[in-house]
Amino acid sequence: MKIATWNVNSIKARLPNILEWLGDAKPDVVLLQETKTVDEGFPAMEIEDLGYNIALHGQKTYNGVAILSKFPIEDIERGLPGNDGDEQARYIEAVIAAHRPIRVASIYVPMGSEVGSEKFEYKLNFLDRLIKRFEKIRESGDAAVMGGDYNIAPDDFDVYDPIKLHETVLCSTVERKKLRTMMNMGYTDAFRTFNPQGHQYSWWDYRAGAWNKDNGLRIDHLLLTPAATDRLSASDIDRDPRAKEKASDHTPVWCMIDE
DNA sequence: ATGGTAGTCTCACTA
């Protein structure tokens, strides 16, 4: 089973690119972030026509996450527990009802603006809530793929210029420690397992010709519980969609899980 | 280069 994560930066603006990629890459499950629409505005029909079921957690203008699956989607949970007042649509979790069921989540971690800002504090609080959810899922023993835009580059070699970006947002020690806490719980970074060399990126800023200079960061991740890691056979970044016209600033990251 | 670009019921905000 091929499971991918992709921050599409607007499902409506990206629909032709997404439909083309679904046809080419043929993922079984897709975890989408930054759909930027209420659920009523999601172009469901075009995607369902390619054989996908859809679970949505959207909002107007900002954020928005979704799960696409060729298998039935069950036990859908919207929102990350721990803050009932949080209205930002950044988390959806469900069980993919394949022969051997697998839990998945589509996660859009707040970018955090600048280290020390109010938005950065919201990011750290979100990560604390995410850690609690990771603990629960790890303890359940479920096979789970927790995918999304984490807005954290795990190590200096996941960044095009670690000197320039030293202790800036996406790279700071305090953010990396939160990610490290998740890994230390027993989660595996699927991409890193098969690609130990570094300098492989999933996001390139629209500005300053970052894509053409390969000035990227690896901030989109698939983190797997031990039960899912036991079934992990491959993982890579698919750079093709980033090279297209009207591309998202992120490109898909995928992994293969034994069915 | 505190710049640059893209998306959104915008003329500002988020990323």
Side-chain angles (χ1 to χ4, degrees), chain A residues 5-21 31-44 46-47 56-66 80 86-92 106-127 130 147-154 158-172 174-176 178-179 201-221 237 239-253:
Chain A
T5 181
W6 191 10
N7 179 325
V8 291
N9 184 23
S10 169
I11 189 80
K12 291 177 188 170
R14 215 65 58 216
L15 189 60
N17 303 49
I18 291 165
L19 294 175
E20 184 186 12
W21 179 74
L31 310 168
L32 298 173
Q33 301 87 38
E34 277 208 274
T35 53
K36 290 188 169 179
T37 177
V38 293
D39 296 351
E40 294 72 32
F42 193 97
E46 291 91 333
I47 292 170
L56 298 173
H57 182 40
Q59 71 176 83
K60 188 181 164 187
T61 310
Y62 301 117
N63 310 315
V65 285
L80 189 57
D86 188 353
E87 292 179 356
Q88 299 192 29
R90 295 178 174 276
Y91 187 88
I92 185 169
S106 179
I107 307 161
Y108 179 39
V109 174
M111 196 277 275
S113 187
E114 285 179 56
V115 174
S117 67
E118 196 172 314
K119 289 193 178 76
F120 191 76
E121 290 307 307
Y122 173 70
K123 179 180 196 172
L124 297 182
N125 174 271
F126 184 96
L127 288 166
L130 193 60
D149 176 1
Y150 283 75
N151 269 316
I152 302 172
D158 295 309
V159 175
Y160 73 97
D161 188 344
I163 309 279
K164 179 183 167 188
L165 299 177
H166 180 68
E167 290 299 337
T168 59
V169 73
L170 316 184
C171 303
S172 73
V174 60
E175 294 165 76
R176 286 175 170 174
K178 303 285 187 195
L179 199 59
Y201 311 124
S202 66
W203 171 78
W204 298 259
D205 201 304
Y206 283 124
R207 299 165 290 189
W211 166 250
N212 289 322
K213 292 184 262 188
D214 199 26
N215 286 350
L217 280 74
R218 193 174 71 93
I219 57 176
D220 301 88
H221 310 297
I237 295 170
R239 292 168 60 101
D240 291 348
R242 187 63 179 82
K244 304 273 184 185
E245 286 297 308
K246 285 213 51 142
S248 169
D249 45 353
H250 297 253
T251 211
V253 183

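To find a chain, count down the sequence lines: A is the first, B the second, and so on, and within it residues start at 1.
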Return the value, rounded to whole Å, for the distance between atom CG of A:N9 and atom P of B:dG7.
6 Å

Between A:W6 and A:W21, what is the ring plane arrangement, given parallel below 30°, perpendicular above 60°, and tilted in between?
perpendicular

For A:S10 and B:dA6, is the shortest distance between a side-chain N/O and OP1 or OP2 below 4.0 Å?
no

Donor-acceptor check, side chain of A:Q33 to backbone of A:N7, threshold 3.5 angstrom: yes or no?
yes

B:dT5 and B:dT10: how far apart are their C1' atoms, nearest whole angstrom?
16 Å

Tell me the interatomic distance from A:W203, atom CH2, to B:dT5, atom P, rounded to whole angstroms.
14 Å

Please determine, for the side chain of A:K119, which listed nucleotide (B:dA15, B:dC9, B:dG7) has the closest atom?
B:dA15

Looking at residues at least two apart in the chain, or sitting in another chain, which of them share a ring-ring contact (aromatic ring centres under 6.0 Å, His included) with A:Y201?
none

Pairwise P distance, B:dT8 and B:dT2 [rounded to whole Å]:
29 Å

Are the side chains of A:V169 and A:E175 in touch, meaning some heavy atoms are under 4.5 Å apart?
yes

Of the nucleotides B:dA15, B:dT8, B:dA6, which has the atom closest to the A:Y206 side chain?
B:dA6

For A:R14 and B:dG7, is the shortest distance between a side-chain N/O and OP1 or OP2 below 4.0 Å?
yes

Inter-nucleotide P distance (B:dA1, B:dT14), Å rounded:
28 Å

Starting from P on B:dT14, measure out to CD on A:Q33 and report it in whole angstrom.
20 Å

Taking CG from A:N212 and P from B:dT5, how many angstroms apart are they, rounded to a whole number?
12 Å

Without decimals, in angstroms, what is the distance between A:D161 CG and B:dG4 P?
20 Å

Rounded off to whole Å, could you give me the NZ-to-C1' distance for the A:K12 and B:dA6 pair?
16 Å

Taking CG from A:L217 and P from B:dA15, how many angstroms apart are they, rounded to a whole number?
16 Å

When you measure from the side chain of A:M111, which nucleotide among B:dT8, B:dC9, B:dA15 comes out closest?
B:dA15

Looking at every strand, decide which applies to A:R242 at a 4.0 Å heavy-atom threshold: base, sugar-phosphate, or nothing.
nothing

For A:D205 and A:S113, find the nucleotide of DNA chain B closest to each by heavy atoms; which residue's nucleotide sits nearer the 5' end?
A:D205

Judged by each residue's nearest nucleotide on DNA chain B, which is more toward the 5′ side, A:R90 or A:A247?
A:A247

Decide whether A:Y91 and A:D86 meet the rule of one side-chain donor and one side-chain acceptor closer than 3.5 Å.
no

Pairwise P distance, B:dG3 and B:dC9 [rounded to whole Å]
27 Å

Between P on B:dC13 and CD on A:E34, what's the gap in Å once rounded to a whole number?
18 Å

